[in-house]
Each structure stands twice: as C-alpha cells, then as structure tokens.
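Only one structure is covered here, and it is reproduced in the block below.
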Amino acid sequence: MMTDEQEVRQATLRLLEEVDFEKVGGVAFRGEQYDRGLAFVHHPVGLGGLAASPALQGVIDELLANANIPPAFASNPIGVGMGAPTVMTYGSVDLQQRLLRPLFTGEEIWCQLFSEPGAGSDVASLATRAIRDGDEWILNGQKVWTTLAHVARWGMLVARSDPEAPKHRGLTYFVLDMRAVGVEVRPLRQITGEAEFNEVYLTDVRIPDTMRLGDIGRGWSVAITTLMNERASIGGVVMPRSSGAIAEAIGAFRTMGSPSSGLDQLMQLWCSTEALRLTSLRAAAQRQQGNPGPEGSVVKLANAELNQKIYEYCIDIQQDASLLYPDYTMRRPEFAGVHGDTSSRSMAQAFLRSRANTIEGGTSEVMRNILGERVLGLPGEPRSDKELPWSQIPR
C-alpha cells in the first residue's frame with residue numbers, strides 16, 4: 001500500500017517511462033495504469049488502486065496530463081465518472097473484478113438508463129418494471145435520452161420492483177447487458193444532426209440477480225450515488241486557465257480583428273470562467289473521502305449556463321460567418337459533446353450542442369432545488385405523493 005505522495009509520483013513516472021502511449025495505444029496504456037494501481041488510487045489493491053488517499057489521484061492525473069496522455073474519462077465518461085464509483089460502493093467483489101478494468105481501459109463503454117418519457121426530472125416516478133423470476137429479473141419498459149447507448153456494453157438501470165411501495169422505496173438498481181435479448185436502441189436526432197442520445201426499449205429482458213447493485217427496493221440510494229457522481233464529473237473537470245470554451249471565444253474575438261465593442265463582454269465571460277475554475281479546484285480539494293455531496297450541483301449549474309453564454313457570444317462576434325451549418329447528415333458519434341476544430345462550422349455546432357447543457361445531467365431547475373434544499377437548508381417543495389404507494393399516483 002502506498003500513501004506517500006512521492007511514492008505515487010515515482011510510480012506514475014515509471015509508468016510513463018516504461019509504457020509508450022503512442023506505441024501501445026490508449027487501451028493497453030490504461031490497462032497497465034489500472035494494473036499498477038494508478039487508475040483509482042483510493043481503491044483496494046487489485047481493483048485499480050493502492051488503498052491510498054483520493055487526493056493523490058490529482059498527482060497522477062497532473063503528471064499524465066503533462067505528458068499529453070488523454071484521461072480515461074474522455075473515452076468512457078459515464079463509466080469512469082459514474083459507473084466506477086457506484087460499482088465500487090455497492091457492487092459485489094465479483095462484479096468489481098469483472099467490470100472495473102474494462103470500464104477504465106475503455107474496452108467496455110457504459111450508459112445510464114434512468115430517465116423515462118414520464119420520469120425525467122422526477123426520476124423516482126419511473127415505471128419500468130422489474131419482476132423477480134428465481135435467480136433472474138424480467139424487465140419491461142422504456143428509457144429515454146440515453147447518451148451513447150448505441151455503443152455501450154453496460155447500462156446502469158433503475159427499475160420498479162415494488163409498485164405498492166412509495167415511489168422512492170420500490171426501486172431496484174441493476175447493471176444491464178446492452179447486448180441482452182429484448183434490448184432495442186433507437187437514435188434520437190439532435191439539432192446538430194447527430195444522435196448522441198437514444199431511447200431504449202426493454203421487452204422481457206432477463207437480468208441475473210448477480211447483476212443487482214444494492215438491496216432490493218433500495219435502488220434510490222444507489223441512484224443518488226450515481227447522480228451525485230454524475231454532477232461532480234460533469235462539472236468537476238478542472239480545465240487549465242483560458243482553455244475550453246473561453247479559448248474559442250478569445251479566438252473568435254481575435255479572428256474578427258479584435259473589435260472593441262465585444263471586449264467588455266469577453267472579459268466578463270473570462271472572469272466568470274476563472275471564478276468557476278477556482279471553485280472547481282476548491283470543490284475537488286474538499287472531495288477527499290467518499291462520494292461527492294451537493295457541491296457538484298453548484299459547479300454543474302454554473303458551468304452549464306456559462307457555457308451557453310460563451311457560445312452565444314461566439315455566434316454574435318462572428319456574425320454571418322457563424323450562421324453557416326451546411327451538413328445536417330444524421331451521425332451517431334462514439335463520443336458525447338462537441339469535438340473538432342474551431343472553424344465557423346464547429347463553432348455553430350458548439351453553439352447548438354450547448355443548448356443541451358442545462359438539461360443533461362439534471363436540469364438547471366432541478367439543480368436549483370437541490371442547492372436550495374441541501375446547501376441553503378430551505379424548505380422543500382410540497383410533495384403530496386411522497387408517501388403514497390406508486391400504484392396510486394396519477395400518471
């Protein structure tokens with residue numbers, strides 16, 4: 001077991017010296033990183049970690065970033081950001097040993113099967129049914145807005161196992177094999193022309209009970225772990241100063257000959273970006289132990305709305321050039337979000353894609369409720385259905 005920063009630093013440097021990322025590729029490099037305990041440094045030895053302080057992960061990530069090694073999160077954001085902490089917290093040792101390594105290497109992509117047509121912001125009202133049949137469960141229902149379901153190997157799924165219990169207490173959480181018989185994935189085309197998102201239909205899908213996370217009927221507690229890590233992962237990536245969206249805004253400003261009329265607005269956006277970056281750093285420093293709390297919702301909310309403002313500015317500053325978007329061919333990308341260069345076409349794509357920021361990962365309205373209740377201690381909104389059996393709630 002390593003607990004010393006210098007030991008972890010030396011282990012990471014040895015990894016970089018002994019394994020050439022350019023020669024072996026991302027999967028092999030991340031596999032070696034996992035086997036050396038440098039993937040999730042706080043995990044037990046043998047499960048990608050060294051049983052060390054979570055704070056030491058930042059040392060590893062910084063050294064790898066300085067060597068231009070892309071993070072594992074980039075290849076499998078839902079798996080690394082949400083699946084790994086949920087499996088580590090609630091999964092059996094067998095599941096941890098089976099799922100964590102290919103999750104980290106990117107060999108097995110993950111998706112999240114929570115939202116439904118009638119259960120978006122109120123996830124606990126979901127209707128997908130799970131009926132026990134011996135050592136298996138039979139699932140029927142529909143999920144929606146499932147990012148990367150078309151390339152996913154595993155899905156984190158919450159289903160209703162007891163319709164007579166109140167809606168938060170009759171749920172059970174599973175890891176679903178996306179290749180199982182009865183799983184149908186259909187694309188949802190976005191305003192960009194792409195289809196990152198999907199709807200997923202489940203028809204008599206059988207899931208072994210061994211793929212259950214947490215106790216029967218206690219799936220909401222497991223889902224909260226996933227959701228908190230989701231918001232922390234969406235808003236928790238600490239970017240270098242003047243990088244990301246604000247870098248594109250600065251580039252757009254310079255491309256247009258640095259017009260003085262947009263300078264004040266650009267500086268306001270830069271200051272907001274820097275304040276958010278420092279807030280992310282502080283939140284990361286506070287997440288020393290266990291799963292993240294509601295502070296992830298602070299950064300997620302601010303980041304989503306600021307990202308939209310930045311790309312609105314980019315469109316304004318580029319004027320007519322940014323309005324051209326000639327190709328709406330439906331594509332099914334293997335990665336979520338905006339990728340590509342910073343030409344006017346990709347800028348328009350970034351602007352259109354940013355409209356989803358205040359919806360995905362929890363709407364801004366839900367984030368404000370979370371912050372009001374869990375951070376500020378304000379009274380919750382009236383919930384007349386909280387103690388009713390789910391079967392009696394009007395739908």
Side-chain angles (χ1 to χ4, degrees), residues 1-111 148 151-156 175 177-179 229 232-233 236-240 284 287-289 291 334-337 339:
M1 180 178 74
M2 295 186 190
T3 57
D4 179 75
E5 178 178 337
Q6 188 60 30
E7 287 183 294
V8 171
R9 183 178 296 276
Q10 291 301 319
T12 307
L13 292 174
R14 282 196 299 273
L15 170 67
L16 290 170
E17 181 181 345
E18 296 170 5
V19 185
D20 189 328
F21 180 89
E22 295 298 328
K23 288 184 179 179
V24 304
V27 170
F29 183 91
R30 289 189 291 270
E32 191 68 30
Q33 182 182 349
Y34 184 94
D35 294 340
R36 297 185 186 210
L38 302 172
F40 308 105
V41 73
H42 57 290
H43 283 195
V45 174
L47 292 175
L50 299 169
S53 167
L56 294 177
Q57 191 67 47
V59 176
I60 300 168
D61 294 344
E62 181 180 4
L63 288 171
L64 296 180
N66 291 340
N68 296 316
I69 306 297
F73 180 87
S75 64
N76 192 11
I78 295 172
V80 174
M82 296 166 248
T86 307
V87 169
M88 197 62 225
T89 303
Y90 292 98
S92 65
V93 173
D94 287 343
L95 276 183
Q96 291 167 359
Q97 292 174 339
R98 163 65 184 87
L99 297 173
L100 288 175
R101 191 181 190 277
L103 175 157
F104 183 77
T105 63
E107 294 171 272
E108 295 180 346
I109 304 301
W110 283 54
C111 66
L148 300 182
V151 296
R153 177 68 172 82
W154 301 103
M156 296 171 282
V175 176
D177 183 351
M178 295 297 291
R179 301 174 185 172
N229 280 284
S233 62
V237 178
V238 182
M239 301 288 289
R287 289 197 301 270
Q288 297 297 310
Q289 300 291 334
N291 289 304
E334 295 186 2
F335 301 96
H339 299 275

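Index from 1, following the sequence.
- Shown here for Leu16 and Ala67, the closest heavy-atom pair between the two residues is CD2-CB, 3.9 Å.
- Annotation for Glu107: atom CD counts as buried by contact number, over 12 foreign heavy atoms lying within 6.0 Å.
- In this structure the side chain of Ile60 never reaches within 4.5 angstrom of the side chain of Phe40, judged on heavy atoms.
- In this structure, Leu38 and Leu64 have side chains that are not in contact, with every pair of non-hydrogen atoms separated by 4.5 Å or more.
- Within the 4.5 Å cutoff, side-chain heavy atoms of Leu63 are placed close to those of Leu13.
- Here the straight-line distance linking atom CD1 of Ile78 with atom CG of Leu103 works out to 11.0 Å at 0.5 Å rounding.
- Of the possible polar contacts, one joining the Gln96 side chain to the Met88 backbone as a donor-acceptor pair under 3.5 Å is found.
- For the pair Arg30 and Ser75, the minimum side-chain heavy-atom distance is below 4.5 Å.
- When atom types are taken as modelled, the side chain of Asn76 and the backbone of Thr105 share no donor-acceptor pair closer than 3.5 angstrom.
- Heavy-atom contacts from other residues, nucleotides or ligands closer than 6.0 Å to CD of Gln10 number more than 12.
- Taking 4.5 Å as the limit, some side-chain heavy atom of Arg101 sits within range of a side-chain heavy atom of Asp35.
- No donor-acceptor distance shorter than 3.5 angstrom exists from the side chain of Gln33 to the backbone of Ala28, with no hydrogens or angles considered.
- Residues Ala72 and Phe104 approach most closely at CB-CE1, 3.4 Å, considering heavy atoms.
- Side-chain atoms of Glu32 and Val24, non-hydrogen and from C-beta on, never get closer than 4.5 Å to each other.
- Distance CD/Gln6 to CG/Leu56: 11.0 Å, rounded to 0.5 Å.
- In this structure, the side chains of Met178 and Glu108 stay at 4.5 Å or more apart for every pair of heavy atoms.
- By the 30° and 60° cut-offs, the orientation of the rings of Trp154 relative to Trp110 is tilted.
- The aromatic rings of Phe29 and Phe21 sit perpendicular, their planes meeting at an angle over 60°, well past the 30° parallel limit.
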> How far apart are the C-alpha atoms of Arg153 and Asp177, what are their side-chain angles, what is the distance that settles it, and do they pass the side-chain contact (heavy atoms from CB on, under 4.5 Å) test?
Replying inline: CA-CA 6 Å; Arg153 177 68 172 82; Asp177 183 351; 2.6 Å; yes
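- By the 4.5 Å heavy-atom criterion applied to side chains, Tyr34 and Leu100 are counted as neighbours.
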